[in-house]
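So you know, we letter chains A, B, ... as the sequences are listed, proteins then strands, and number each from 1. From a predicted model like this one, the values you see are computed outputs, not experimental measurements.
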Amino acid sequence: MLVPDFPRPSPRERDERLRELVREHLDFVWRTLRRLGVAPSDLQDNVQAVFSVVADKLPQIGAGSEKSFVFGTALRVASHARRARQRKRETTLEDAGSLYDPGLDPEQALERAQAVEQLAEILQGMDDGTRAVFVLFELEQLTMAEIARMQQLPLGTVASRLRRAREYFQGAVADRRLKPEGAA
Amino acid sequence: MKDPTRLINTETGDALSLLRAASQVPAAAPPHVLGQTLGALGVGTVAPVAMGAASSFTVIKALAVGVAIGAGASGVAVKLSEPKPVASASAAARSAASDTRRAAVPEVPSLRPQPAEPAHEEAAEPAPTPMVERAAPTVRAPQAAPAPSLATEIAQLDRARQALATGQPHQALAILDEHGRQSTTQLGPEASLLRVRALAAAGKRDAAQDLARRLLESATDARYAARLREAAGLESP
C-alpha cells in the first residue's frame, strides 16, 4: 500500500490531491466512524483526525490505494476514540437524535442509537482485518471482489474473513441475548 | 466465488435490529463538515470573489470557533455559520429582540466572539436589554402555539441549525417540519434554505436540489439565491 516517497510533488499538487481525497471520501469516513461507534458529538473531530493522518502520509499513499488507506485509518481512529471515551455505558438522547427519523418516536430513535452502540461494541471485539471485511460487506454493501481489490487481498482471504466475522457477530448477538439487561 | 446473501437479508431478531440501525446512520456528512475539514488541514479554498461579504474561509474559521464553544452557546455557533442572513430574517431578529414582552433571542453575549468582519455585524449585535437574556430559556421549551411569536420562530430555526451543525440532519428536518406546520410563519425563506441544507446533509441530494430549484424560481434576492445553490450543490446559472 505504501510506496517510496519519490518523486516529490509540488506543494500545490499535494494540496490539490489532499482536497480531492477529502471530497471523495468524507461521507464514507463520516458514516464509517459513526457505525464504529464514534459518538455524533465526536464525529467532526475524528473525521479531522483521519484526514490529518492521510495528510501526513500522503506522499506514501500509492495511487489506487487511497480508499483502503483512508478506511484503515478510520478503523484505527474509531477504536482510539472509543477507548478515549472510556466506554460510556449510556446512550444519550443526543446519540438518538442523530438517528432521528421523522417516522420514529423518541423511544424508537433511542433504541436505534443503542443498537448502533451495541453493534459497535461487537465490532470492537473482532480483529482489525475481520472487522474491516464485515463493515465493508455487511454495512457498506460492497461485493467481495470489490473488497478484495480495495484491500489488495486475495478473494479467498476476504471470504474467510467474512465467514469468521459472521460467526463472531452471530455468536456475540446470541451471547447478549442470554445476558440480563445491563450486564456487560 | 459467489457472494453470500447479506446478513441484513437473512437475519432476524436482535441481529437484524443491530444491522438495520447501523445501515441507517446518515450516509453523508453535513455540508459544513467538508469546509471545516479542509480548513483544519490548511487546504481550505478562499473564495476568489465576493470579498464584500465574508470569505468562505472566514466562515469556516468562525464556525469552528462556534463549534469549539460548544452546545451551551448554540446561538453563537448558529449565528456565525450564517454570516449573510437574509435581510428580513435579521431585521426580524432585531425587532424581536427589542420586544421585551415576548423577548427571546437565544444569544449568549459573554461567549460571543468578536466579529471578524463587518459582514458579521448583524449577527453579532449584542442583545439590547438584560431582560432578553433572562427570558431566553423560556423559548427552549417545546413550541405548541399555533401562531408563534417571531422570537419563538427564531429559536426554532436556531435549534434546526444547531441540529444540522452537529450532524443531525433528520433532527433538523423534524424541527423544520414542526416549524412548517404552524399557521403563520415569518421566516419561511430562512426555513426553506435550512431544509435544503438538511436534505442534502441527510443524503437526499435529489430532494434538496428539487426544492432549491423550486425556491429559485421565486427568489428575488441574489444572495439568497446563491446560498440556495450552494446548499443544494447546484451550478451557478
J.: I'd like to know whether CZ of A/R164 has more than 12 heavy-atom contacts from other residues, nucleotides or ligands below 6.0 angstrom.
T.: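 Enclosed: over 12 neighbouring heavy atoms sit under 6.0 Å from CZ of A/R164.
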J.: Quick one: are A/R112 and B/R20 in side-chain contact, heavy atoms under 4.5 Å?
T.: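 No - every pair of side-chain heavy atoms lies 4.5 Å or more apart.
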J.: Roughly how far, to the nearest 0.5 Å, is the CD atom of A/E121 from the CG atom of B/L18?
T.: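 Between B/L18 CG and A/E121 CD, I get 10.5 Å after rounding to 0.5 Å.
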J.: For A/F137 and B/D3, what are the C-alpha separation, side-chain angles and deciding distance, and is it a side-chain contact (heavy atoms from CB on, under 4.5 Å)?
T.: CA-CA 9 Å; A/F137 186 82; B/D3 281 10; 3.7 Å; yes
J.: Rounded to the nearest 0.5 Å, what's the gap from CD on B/Q24 to CZ on A/R34? Could you check?
T.: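 Spacing of CD (B/Q24) from CZ (A/R34) equals 12.5 Å.
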J.: State, with a plain yes or no, whether a side-chain heavy atom of B/I8 is found less than 4.5 Å away from one of A/E138.
T.: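 Result no, sub-4.5 Å side-chain heavy-atom pair not found.
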J.: Is there side-chain contact between A/P40 and B/T166, with heavy atoms separated by less than 4.5 Å?
T.: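 No, their side chains stay 4.5 Å or more apart.
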J.: Which heavy atom of B/S17 sits nearest to which heavy atom of A/A115, and what is that distance?
T.: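 Looks like O-CB, 4.0 Å.
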J.: Do any of residues 139-149 of chain A come closer than 4.5 Å to chain B, heavy atom to heavy atom, and if so which ones, in number order?
T.: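 Checking residues 139-149 of chain A against chain B gives A/L139, A/Q141, A/L142, A/T143, A/M144.
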J.: Between B/Q36 and A/V47, does a side-chain contact (heavy atoms from CB on, under 4.5 Å) hold up when you go through it step by step?
T.: CA-CA 10 Å; B/Q36 277 182 13; A/V47 163; over 6 Å; no
J.: For chain B, which residues from residues 25-32 of chain A have at least one heavy atom closer than 4.5 Å to it?
T.: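 At a heavy-atom separation under 4.5 Å, chain B is reached by A/L26, A/D27, A/W30, A/R31.
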J.: Need one label for A/L162: side chain, backbone, both or neither, based on atoms under 4.5 Å from any heavy atom in chain B.
T.: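 Looking at A/L162, just its side chain touches chain B.
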J.: So how far is it from A/R35 CZ to B/S23 OG, rounded to the nearest 0.5 Å?
T.: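 Taking CZ in A/R35 and OG in B/S23, the distance rounds to 5.5 Å.
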J.: Stepwise, does the side-chain contact (heavy atoms from CB on, under 4.5 Å) test hold for A/R176 with B/D14?
T.: CA-CA 9 Å; A/R176 265 157 206 275; B/D14 290 350; 5.9 Å; no
J.: Atom OG1 in B/T37, atom CD in A/Q48: separation rounded to 0.5 Å?
T.: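 The OG1 atom of B/T37 sits 5.0 Å away from the CD atom of A/Q48.
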J.: Could you tell me whether the side chain of B/L38 reaches within less than 4.5 Å of the side chain of A/F51, counting heavy atoms only?
T.: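 They are not in side-chain contact.
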J.: For B/L41 versus A/A55, what's the shortest heavy-atom pair and its separation?
T.: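 That closest heavy-atom pairing would be CD2-CB, 4.3 Å.
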J.: Picking from A/I122, A/V158, A/V22, which has the most non-hydrogen pairs under 4.5 angstrom with chain B?
T.: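 If we count pairs closer than 4.5 Å to chain B, A/V22 comes out on top.
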J.: More than 12 heavy atoms of other residues, nucleotides or ligands under 6.0 Å from CG of B/D206: yes or no?
T.: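 No, the 6.0 Å shell around CG holds no more than 12 heavy atoms from other groups.
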J.: Between chain A and each of B/G203, B/A172, B/P30, count heavy-atom pairs under 4.5 Å; write down the option with the most.
T.: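 That would be B/P30.
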J.: Measure the spacing between CG of B/L34 and CZ of A/R23 and express it to the nearest 0.5 Å.
T.: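 With rounding to 0.5 Å, CG (B/L34) is 6.5 Å from CZ (A/R23).
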